[in-house]
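Hydrogens, waters and symmetry mates are skipped; everything else that's a heavy atom, side chains included, is used. In this chain, numbering begins with 1 at the start of the sequence shown.
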Amino acid sequence: MKLSQVIEIEDLRGMARRHLPKIVFDWIEEGAGDEAATRGNLESFQRHRFLPRYLRDVSRREQSTTLFGQSHASPFGFTPTGMQGLIRPGGERLMAQAAARAGIPYVLSGLSTTPMEEVAAAAGGRMWYQPYPTADQAIVDDLIRRARDAGATTLVVTADLPVEGLRLRSLRNRRSGRPNPGVVLEALRHPRWILDYLRADPRLQDLAPYARAGASRRELHLLFGREYTPVRAKQTWSDLERYRRLWPRSLVVKGLVSPSDALQAVELGADGIVVSNHGGRQLERAPAPLDVLPQVRAAVGDRAAILLDGGIRRGSDIVTALCLGARFVFIGRAALYGLAAGGQAGVSRAVELLQEEIDLVLGQIGCTAIDQLGPEWLWQPDLPRQGVGAPSRNTLSLVGCAPPVAVPAGPAAARETAGGRAR
């Protein structure tokens with residue numbers, strides 16, 4: 001299949017599966033344990049239905065938005081995913097270029113195979129940065145300084161990695177720390193990927209300044225194991241306070257599903273919360289972010305921007321999250337499928353698909369701009385009903401709808417003021 005024939009994210013997923021060796025594709029796909037959380041993320045969106053309004057002029061529709069004082073063409077961006085150079089050489093740079101072209105943010109993972117300064121240049125002012133805590137506190141502090149100097153606009157602190165998740169696919173694909181023979185033989189069926197891998201020799205480039213000059217891949221790997229092991233690189237609320245002092249711009253805490261945790265992060269100076277369960281890759285019985293989103297939104301109110309990632313594959317998923325209280329969402333695997341399928345062009349195609357689907361959903365439900373979205377655009381079958389005829393005005397008010405002759409004003413307009421503080 002060619003990129004020109006791709007009509008949904010699932011097509012890119014199929015192309016990614018064919019391009020990548022099983023060990024790499026499994027690394028993208030895997031969740032923790034029995035992968036119940038990963039499946040739950042996907043299923044959570046399928047439980048919702050829209051409540052369309054008809055006989056409205058939807059000839060002009062707008063999906064641009066503003067977040068932390070920066071305008072974006074669409075209400076989604078790329079969540080941090082590590083080691084993108086394993087998928088395509090220079091993967092982080094390609095993703096950043098696609099984000100710049102689309103006018104959306106790109107969050108660079110601390111586990112990058114491309115130096116952050118190079119990625120920042122490619123992102124055109126749209127790079128955010130996600131550091132991981134290190135055993136040597138000076139390393140992460142210096143990484144934050146470098147991100148600031150490179151022009152990163154937002155710092156993303158990932159909270160949901162206190163210990164390593166149980167990744168059964170990776171365990172099965174490796175024996176004694178090395179790929180098992182069957183995995184090696186299967187990889188030989190992907191010669192283009194192998195050639196790219198040998199030419200690019202991807203390694204954690206941002207760690208290089210903290211190793212000896214000319215350090216080998218193995219030396220960087222050992223440095224990674226020493227510095228990033230969660231039991232050694234502990235992270236607590238006091239670290240968040242330190243990051244807040246170090247970082248002069250917008251700061252977001254990612255990976256919270258508890259309303260009380262979200263409130264505490266806001267109290268310590270967070271400008272935004274990413275409701276997330278790490279794509280289901282850490283805790284196999286974690287709730288789906290979409291399911292806890294309304295509770296987190298209700299707890300935080302307008303004190304910070306509420307963002308979300310996890311399980312997004314369609315534009316309708318993005319619109320659903322916005323209706324339930326998210327200000328902005330992030331995609332992970334969907335973008336990686338595009339990267340594997342066609343490099344920068346594949347990532348751009350993933351973005352185009354989601355943008356086209358958002359536009360279509362807005363038109364279908366009778367909404368002309370995403371800042372109008374709120375829970376009133378979702379069908380809520382459990383609400384009380386009166387009789388079998390048309391709903392009364394009382395019933396309409398229960399779901400936040402205005403009478404049919406009026407145009408409903410969604411609650412998202414109030415969200416526009418959230419998260420806009422500069423530090």
Side-chain angles (χ1 to χ4, degrees), residues 1-30 38-39 41-43 45-46 50 58 61 63-64 72-79 81 83-104 106 122 186-197 199-200 279 309-321 329-365:
M1 176 180 283
K2 299 178 181 179
L3 286 177
S4 60
Q5 299 173 306
V6 167
I7 60 173
E8 62 175 344
I9 296 296
E10 186 63 24
D11 292 337
L12 293 174
R13 181 175 178 270
M15 294 176 70
R17 182 192 289 273
R18 289 188 291 275
H19 174 72
L20 296 171
K22 181 178 184 298
I23 189 172
V24 179
F25 186 76
D26 278 354
W27 169 70
I28 295 173
E29 291 284 276
E30 69 182 347
T38 304
R39 293 192 300 275
N41 289 356
L42 296 168
E43 294 165 357
F45 289 96
Q46 298 171 5
F50 295 112
V58 292
R61 302 179 294 279
Q63 61 180 274
S64 63
H72 303 291
S74 294
F76 66 91
F78 299 145
T79 202
T81 50
M83 299 295 292
Q84 292 168 5
L86 282 177
I87 300 173
R88 289 278 181 175
E92 293 87 2
R93 175 177 49 78
L94 299 176
M95 293 272 281
Q97 289 172 339
R101 175 184 174 186
I104 60 176
Y106 168 70
E186 193 278 336
L188 294 176
R189 298 168 53 191
H190 305 269
R192 291 180 58 188
W193 179 88
I194 290 176
L195 184 60
D196 283 343
Y197 178 84
R199 286 175 174 172
D309 77 6
I312 290 170
R313 298 292 187 275
R314 314 198 74 89
S316 55
D317 298 338
I318 295 173
V319 175
T320 298
V329 306
F330 290 89
I331 62 172
R333 291 180 177 94
L336 295 182
Y337 298 151
L339 181 63
Q344 179 186 336
V347 179
S348 293
R349 184 57 184 148
V351 171
E352 290 166 0
L353 289 171
L354 295 174
Q355 289 176 328
E356 291 165 2
E357 291 173 359
I358 291 171
D359 182 68
L360 179 61
V361 171
L362 290 178
Q364 288 282 2
I365 67 176

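Taking all atoms of both residues into account, the shortest heavy-atom contact from Ala334 to Ala350 is O-CB, 3.9 Å. Between His190 and Pro21 the shortest heavy-atom distance is CD2-CA, 3.6 Å. Gly343 approaches Arg88 most closely through the heavy-atom pair N-NE, 3.8 Å.
Counting heavy atoms from C-beta outward, Glu92 and Tyr106 have side chains that approach closer than 4.5 Å. Between Leu3 and Leu12, the closest side-chain pair of non-hydrogen atoms falls below 4.5 Å. Side-chain atoms of Lys22 and Arg189, non-hydrogen and from C-beta on, never get closer than 4.5 Å to each other. Side-chain contact between Phe45 and Ser316 is absent, with no heavy atoms from C-beta onward closer than 4.5 Å. Taking the side chain as every heavy atom from C-beta outward, Leu94 and Val347 never approach each other to under 4.5 Å. In this structure the side chain of Leu353 never reaches within 4.5 angstrom of the side chain of Asp11, judged on heavy atoms. Contact annotation: the side chain of Arg199 never approaches that of Pro89 to less than 4.5 Å [non-hydrogen atoms, C-beta and beyond]. Residues Trp27 and Leu20 are not in side-chain contact: their nearest non-hydrogen atoms beyond the backbone lie 4.5 Å or more apart.
Taking CZ of Arg61 as the start and CG of Leu362 as the end, the distance is 7.5 Å to the nearest 0.5 Å. Of the inter-residue distances, the one linking Ile318 atom CD1 with Ile312 atom CD1 reads 5.5 Å to the nearest 0.5 angstrom. The structure places OG1 of Thr81 at 6.5 Å from CD1 of Ile87, a figure rounded to the nearest 0.5 Å. How far CG of Asp309 is from CZ of Phe330: 8.0 Å, rounded to the nearest 0.5 Å. Note that CE of Met83 is 12.5 Å distant from CG of Leu336, once rounded to the nearest 0.5 Å. The CE atom of Met15 lies 14.0 Å from the OH atom of Tyr337; values are rounded to the nearest 0.5 Å.
Proximity of a side-chain donor or acceptor of Arg349 to a complementary backbone N or O of Val6 within less than 3.5 Å is detected. Of the possible donor and acceptor atoms, one in the side chain of Asp317 sits under 3.5 Å from a partner among the backbone N and O of Arg314. For Arg333 (side chain) and Arg13 (main-chain N/O), no donor-acceptor pair under 3.5 Å exists by modelled atom type.
A salt bridge between Glu357 and Arg313 is absent, with no side-chain N of the basic residue lying under 4.0 Å from a carboxylate O of the acidic one. Note on Arg17 versus Glu29: no salt bridge recorded, every NZ/NE/NH1/NH2 to OD/OE distance being 4.0 Å or above.
The local environment of CD in Gln364 is sparse, with at most 12 non-hydrogen atoms from other residues, nucleotides or ligands closer than 6.0 Å.
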From CA spacing to verdict: side chain to side chain contact (heavy atoms under 4.5 Å, CB included), Gln355, Phe76: CA-CA 9 Å; Gln355 289 176 328; Phe76 66 91; 3.9 Å; yes
